[in-house]
Amino acid sequence: MLDIQFIRDNSELVAEKSKQKGYDVDISQLLELDGQRRTRLTQIEELRARRNTLNDEAKGQRPTDEQIAAGKQLKEELVQLETELKGLEAHYDELLKKVPNMPLEDVPVGVSEDENVVARTVGEKTHFDFTPKSHWEIAEARDLIDKERATKVAGPRFAYIKGDLVRLQFAIIQFVLATVGDEHIIQHLIEENHLNLTAKPFMPVLPPAMIKTDVFAAMDRLEPRDDRYKVGEPEDDLWLQGSAEHTLGSMYKDEILDAAQLPVRYIGYSSSFRREAGTYGKDTEGIIRMHQFDKLEMEVFSTPETGLDEHKLLCAIQEYLVQQLGLPYQVIQKCTADIGKPNARGIDLEVWMPGQDKYRETHTADYMTDYQTRRLKTRGRKADGQIVLLHTNDATAFALGRIMVAVIENFQTADGHVKVPEVLQPYMGGSQEF
RNA sequence: GGAAGGGUGUCCGAGUGGUCGAUGGAAACGGUCUUGAAAACCGUCGUGCCGGCAACGGUACCGUGGGUUCGAAUCCCACCCCUUCCGCCA
């Protein structure tokens with residue numbers, strides 16, 4: 001949610017930037033409602049002040065009939081005005097929540113993801129002396145993925161991941177925890193990118209996989225609901241999270257953190273769940289697009305001053321991780337239409353997938369400024385006692401399914417095996433190939 | 001799931017209808033004292049919203065939502081959460 005004061009002061013800018021992001025919000029109507037609401041509020045507070053005065057006068061003694069009559073009169077007027085205010089505020093809240101976060105200046109303006117900008121390409125597309133297969137062909141032949149039985153048991157877009165592919169997944173997890181938990185690596189990336197940050201390592205977290213409706217909404221990740229799984233109806237008001245970001249970013253709801261604790265850097269590991277509504281027939285082969293996938297997600301809470309640098313650090317970590325695996329990729333600067341409602345800036349990494357002959361999205365880094373924390377009431381107390389809304393950042397470390405697809409396709413051998421990236425070998429008992 | 005107890009500010013904790021935004025203690029911050037520190041003493045010390053350039057004024061908030069009342073932290077109802085015991089369970 002945006003600050004209403006900011007919208008009052010910058011109504012034209014807000015209207016324009018909302019439009020750039022593809023959100024049709026009536027700012028003038030919002031401001032009109034805001035005005036009506038404030039008028040009512042002032043009237044109500046005047047009546048309440050009179051009520052309080054009356055109460056002070058009647059204190060400690062039996063109130064006179066006149067006082068009681070005046071009180072009753074005030075009560076009636078208040079009830080009416082308060083009812084009106086409630087109606088106004090409901091409408092006002094609805095409109096206010098519709099206003100998206102403002103994109104930063106360097107976010108390209110575009111009406112669809114086609115207008116995302118390739119910022120740069122890193123590494124050469126993998127070259128083979130043979131025709132590379134898709135991960136699906138390799139995994140099926142080697143019994144590393146069983147989708148058929150998963151479909152029988154759970155439906156389409158589920159899979160049994162098996163054998164060495166499971167070992168690979170756990171190796172990647174270990175590698176990521178070791179990397180982002182190493183303050184020397186963090187320090188190196190901070191210096192390399194000239195960021196003004198501390199080298200605090202990321203703490204691993206296993207978050208809940210489910211989230212309450214109101215918290216999900218406050219994160220502004222509940223929509224589109226079509227893509228979410230509601231669970232436990234009607235007894236439980238719960239959804240399966242679509243990313244550990246949802247349960248990590250909301251964990252300090254209604255809390256004030258000491259500035260000394262900041263930044264809070266987490267690396268969360270969780271299964272994520274997406275209904276993938278409207279993607280029928282898309283990516284049906286293999287495990288590129290699944291209803292359930294495991295993901296390592298970074299989440300950072302910081303002061304407003306360091307929010308953007310934290311975002312850049314997360315982007316640097318993403319690239320570092322992909323480089324360490326030896327995968328070719330490109331960096332995508334997402335345009336206004338594609339960054340998402342709560343985002344001020346969004347960067348994707350797309351890794352080269354030889355089996356599909358294209359770059360595919362494997363990473364996203366989102367910078368939300370204080371858009372989420374305003375509704376969550378996640379704040380920080382600075383050394384001088386000042387209270388500020390914190391800034392949130394989230395970024396994929398690795399989406400395990402997709403990154404294993406990339407590893408299989410980029411490191412495949414002519415005989416249908418997979419070479420293990422060097423950095424992962426220690427975590428796979430020294431195996432160089434499977 | 002059953003029984004009992006409980007949710008008050010950064011923390012602990014008092015408060016059962018008006019004198020309570022809330023006693024007291026701790027922590028924190030500023031100061032006095034001290035060679036320095038500790039102790040002691042003095043002072044400061046919640047958040048949101050509305051108005052105001054500001055100083056400040058008003059208002060709301062005692063788990064959440066309703067209700068009773070001229071007036072609610074306090075009484076009533078519903079719900080949520082926590083603790084303990086029992087049951088069940090990885």
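Since the structure is predicted, the reported quantities are computational estimates derived from the model, not experimental observations. Below, chains carry the letters A, B, ... as their sequence lines are ordered, and counting in each starts from 1.
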Fill in: A:Val388 versus A:Pro304, closest heavy-atom pair with distance
CG2-CD, 4.0 Å
Discussion item. Closer than 3.5 angstrom, by distance alone: can the side chain of A:Arg402 be matched with the main-chain N or O of A:Glu361 as a donor-acceptor pair?
Written reply: yes
Worksheet entry | Gap in Å between the two P atoms, one belonging to B:rA14 and one to B:rC53, rounded | 46 Å
Worksheet item: Across the strands shown, which category fits A:Arg375 at heavy-atom distances under 4.0 angstrom: base, sugar-phosphate, nothing?
Response: nothing
Fill in: Protein-nucleotide distance (A:Gln43, atom CD; B:rC50, atom C1'), rounded to Å
13 Å
Fill in: A:Arg345 charged N/C atom sitting above A:Tyr367 aromatic ring, 6.0 Å / 45°
no
Worksheet item: Nearest heavy-atom pair of A:Leu177 and A:Pro204: which atoms, and what distance?
Response: CD2-CB, 4.0 Å
Worksheet entry | Whole-Å gap separating C1' (B:rA60) and CD1 (A:Ile44) | 12 Å
Worksheet entry | Euclidean distance, atom CD of residue A:Gln67 to atom C1' of B:rU69 [Å, nearest integer] | 15 Å
Worksheet, complete the sentence: Against the side chain of A:Arg381, the closest entry in B:rG18, B:rU10, B:rG51 is B:rU10
Discussion item. Regarding A:Lys382, tell me which of base, sugar-phosphate or nothing describes its non-hydrogen contacts under 4.0 Å with the strands shown.
Written reply: nothing
Worksheet item: Which whole number of Å gives the distance between the C1' atom of B:rG9 and that of B:rG15?
Response: 14 Å
Practice prompt. Take atom CG of A:Asp254 and atom P of B:rU10, then tell me their distance rounded to the nearest Å.
Written response: 12 Å
Worksheet item: Starting at CZ of A:Arg40 and ending at P of B:rG51, how long is that distance when rounded to a whole Å?
Response: 15 Å
Worksheet item: Roughly, in whole Å, what's the span from CG in A:Asp237 to C1' in B:rC81?
Response: 15 Å
Fill in: Whole-angstrom distance between B:rG71 and B:rG18, as gauged at atom C1'
6 Å
Item to complete: Starting from the 5' end of RNA chain B, give me the residue, A:Arg8 or A:Ala49, whose nearest nucleotide shows up first.
Response: A:Arg8
Item to complete: Please work out if A:Lys75 contacts a base, only the sugar-phosphate, or nothing of the nucleic acid, heavy-atom cut-off 4.0 Å.
Response: base
Worksheet item: Using atom C1' of each nucleotide, how far apart are B:rG17 and B:rC62 to the nearest Å?
Response: 15 Å
Response to the item:
Nearest-nucleotide check on RNA chain B, A:Lys86 vs A:Arg48; residue mapping nearer the 5' end is A:Arg48
Practice prompt. For nucleotides B:rC11 and B:rC45, find the distance between their C1' atoms and express it as a whole number of Å.
Written response: 14 Å
Practice prompt. Write down the partner of B:rC70 under the Watson-Crick or G-U wobble criteria, each distance required to be under 3.5 Å.
Written response: B:rG18
Discussion item. Using atom P in both nucleotides, what's the gap between B:rA22 and B:rU10 to the nearest angstrom?
Written reply: 15 Å
Worksheet item: Taking the P atom of each, how far is B:rA38 from B:rU32, in whole Å?
Response: 14 Å
Discussion item. Please determine whether a side-chain nitrogen or oxygen atom of A:Arg51 lies at a distance below 4.0 Å from atom OP1 or OP2 of B:rA72.
Written reply: no
Item to complete: Take atom NZ of A:Lys212 and atom P of B:rC79, then tell me their distance rounded to the nearest Å.
Response: 16 Å
Worksheet item: Between B:rU59 atom C1' and A:Leu47 atom CG, what is the distance in whole Å?
Response: 12 Å
Fill in: Pairing nucleotide - B:rU34, Watson-Crick or G-U, each distance under 3.5 Å
none
Item to complete: Using the C1' atoms only, state how far B:rC75 lies from B:rU69, rounded to an integer number of Å.
Response: 10 Å
Worksheet item: Does CD belonging to A:Glu192 count more than 12 external heavy atoms closer than 6.0 Å?
Response: yes
Fill in: Listed nucleotide nearest any side-chain atom of A:Leu41, set B:rG18, B:rG48, B:rC50
B:rC50
Discussion item. Categorize A:Leu74 for me: base, sugar-phosphate, or nothing, with a 4.0 angstrom heavy-atom threshold over every strand shown.
Written reply: nothing
Discussion item. So A:Asn52, base contact, sugar-phosphate only, or nothing? Heavy-atom distance under 4.0 Å.
Written reply: sugar-phosphate
Worksheet entry | Aromatic ring proximity, centroids under 6.0 angstrom, A:Phe216 and A:His246 | yes
Practice prompt. Run the ring-centre check on A:Phe202 versus A:Tyr266 and record whether the distance is less than 6.0 Å.
Written response: no
